[in-house]
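Everything below concerns the one structure shown next.
All residue numbers in this chain count up from 1 along the given sequence.
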Amino acid sequence: MFEKTFAAAAALLLLAACSHEGAAQNAASGVQGAQQEYIVATDAAYAPLEYMEGEQVVGFSRDILAAAGEKEGIKFNFVNTPFEGIFANVQKGDSDVALASITITDERKQIVDFTDPYFEATQMIVTADKGSDIKSFADLKTRSASVQNGTTADLILQDLQGKDSKLIRRFENMPLAFKELAAGGVDATVGDNGVVQYFVANNPGVNYHMFVDPSFPKEFYGFALKKGRSDGLREKINKGLAAIKADGTYAKIEEKWFKNNAPQENAASAASAGK
């Protein structure tokens, strides 16, 4: 009886060992029963980078992160989240990644960790009249301008006019900032070039005029994660980004969202962004 029991137990142990060994081999070779899923906090009001279409988050940034994740066998659940609280959201662990066309800056690096850059941008000035006397960023020194609250545009206008300036009109999202411009409530709107060009292309009813001041530096977007996160998620995203740039997936996503949506006069500059 003992011999039979021992033999049965030994067989079970051998089966378990083989099972664990098989699982390890599968994990090493990238075979997974189901993709791991991470939550992404997304300020989805920034077309064509990230915005809502029905109840779904869509856009260039969303597609880039999803494609990078697919290369690494992970997937993302995108949750619309106000930009103002997006860094705190990630810091508290409520979300794994923040995606909101976030410009990588030294100041922001103090509170979050960034992936490698995935998009190149610059600020753009927009007026509702081609005859406007606003021809440069310096001209906004004493003029009113609408921006999305907390964005790079907000920060550079604070540097120009002062942090307590009453001429900076802040809005929750860029469509509201443009609405204020169209209504004559401000002299100009300032925002990232990709978003500005897309909005102008899709709102032909207003005689918008847009331009880039030569003094504006280039900006680079990154995906943000909790400071000090050590589970390898940032490294996986970076590896996935490198892979989609190498195999042409990035270029296809870029063409989908920019080449077909930019105003004709600015199509070249929009299509080259992020390279």
Side-chain angles (χ1 to χ4, degrees), residues 40-65 78-87 89 98-103 119 121-130 132 134 137 140 143-158 166-212 216 219 221 256-267 269-270 273-274:
V40 182
T42 309
D43 177 31
Y46 220 57
L49 281 300
E50 56 272 344
Y51 64 103
M52 298 301 294
E53 196 168 86
E55 296 183 357
Q56 299 295 318
V57 175
V58 298
F60 172 80
S61 297
R62 182 261 175 219
D63 284 359
I64 290 295
L65 183 57
F78 299 86
V79 181
N80 197 8
T81 307
F83 183 78
E84 289 182 68
I86 208 162
F87 294 122
N89 187 290
L99 178 159
S101 299
I102 303 170
T103 299
F119 185 80
T122 188
Q123 293 301 304
M124 212 167 209
I125 299 170
V126 190
T127 64
D129 179 9
K130 288 188 176 181
S132 171
I134 297 175
F137 182 58
L140 293 177
R143 308 295 287 274
S144 60
S146 58
V147 298
Q148 182 173 350
N149 189 29
T151 60
T152 307
D154 186 0
L155 297 176
I156 64 172
L157 277 170
Q158 288 182 45
K166 304 299 183 183
L167 296 174
I168 305 172
R169 311 287 169 77
R170 299 175 176 87
F171 294 87
E172 184 180 351
N173 55 56
M174 282 304 293
L176 290 177
F178 275 110
K179 185 176 180 179
E180 184 73 359
L181 176 63
V186 290
D187 299 313
T189 295
V190 182
D192 290 4
N193 62 318
V195 174
V196 167
Q197 291 169 329
Y198 182 90
F199 186 90
V200 171
N202 289 279
N203 291 273
V206 180
N207 190 29
Y208 291 115
H209 175 57
M210 52 191 171
F211 63 94
V212 174
F216 288 158
E219 301 174 10
Y221 295 165
K256 170 187 173 182
W257 288 107
F258 292 104
K259 185 175 181 180
N260 298 326
N261 291 304
Q264 195 62 38
E265 61 180 318
N266 292 293
S269 60

*Relative to the ring of Tyr221, is the ring of Phe119 parallel (under 30°), tilted (30 to 60°) or perpendicular (over 60°)?*
parallel
*So, do Phe258 and Phe60 have ring centers that fall under 6.0 Å from each other?*
yes
*Ring centre gap for Phe178 and Tyr208 strictly below 6.0 Å*: yes
From [X] [atom1] over to [Y] [atom2], what is the distance, rounded to the nearest 0.5 angstrom?
X: Leu181; Y: Arg169; atom1: CG; atom2: CZ; answer: 11.5 Å
X: Gln56; Y: Asn80; atom1: CD; atom2: CG; answer: 11.5 Å
X: Tyr51; Y: Tyr46; atom1: OH; atom2: OH; answer: 15.0 Å
X: Leu99; Y: Leu49; atom1: CG; atom2: CG; answer: 8.5 Å
X: Asp192; Y: Gln197; atom1: CG; atom2: CD; answer: 10.5 Å

When you check the side-chain N and O atoms of [X] and [Y], is any donor under 3.5 Å from an acceptor?
X: Thr42; Y: Glu50; answer: no
X: Glu180; Y: Ser146; answer: no
X: Asn193; Y: Thr122; answer: no
X: Glu84; Y: Asn149; answer: yes

*From the options Asn173, Asp43, Thr189, select the one residue that forms a side chain to side chain donor-acceptor pair (under 3.5 Å) with Gln148.*
Asp43
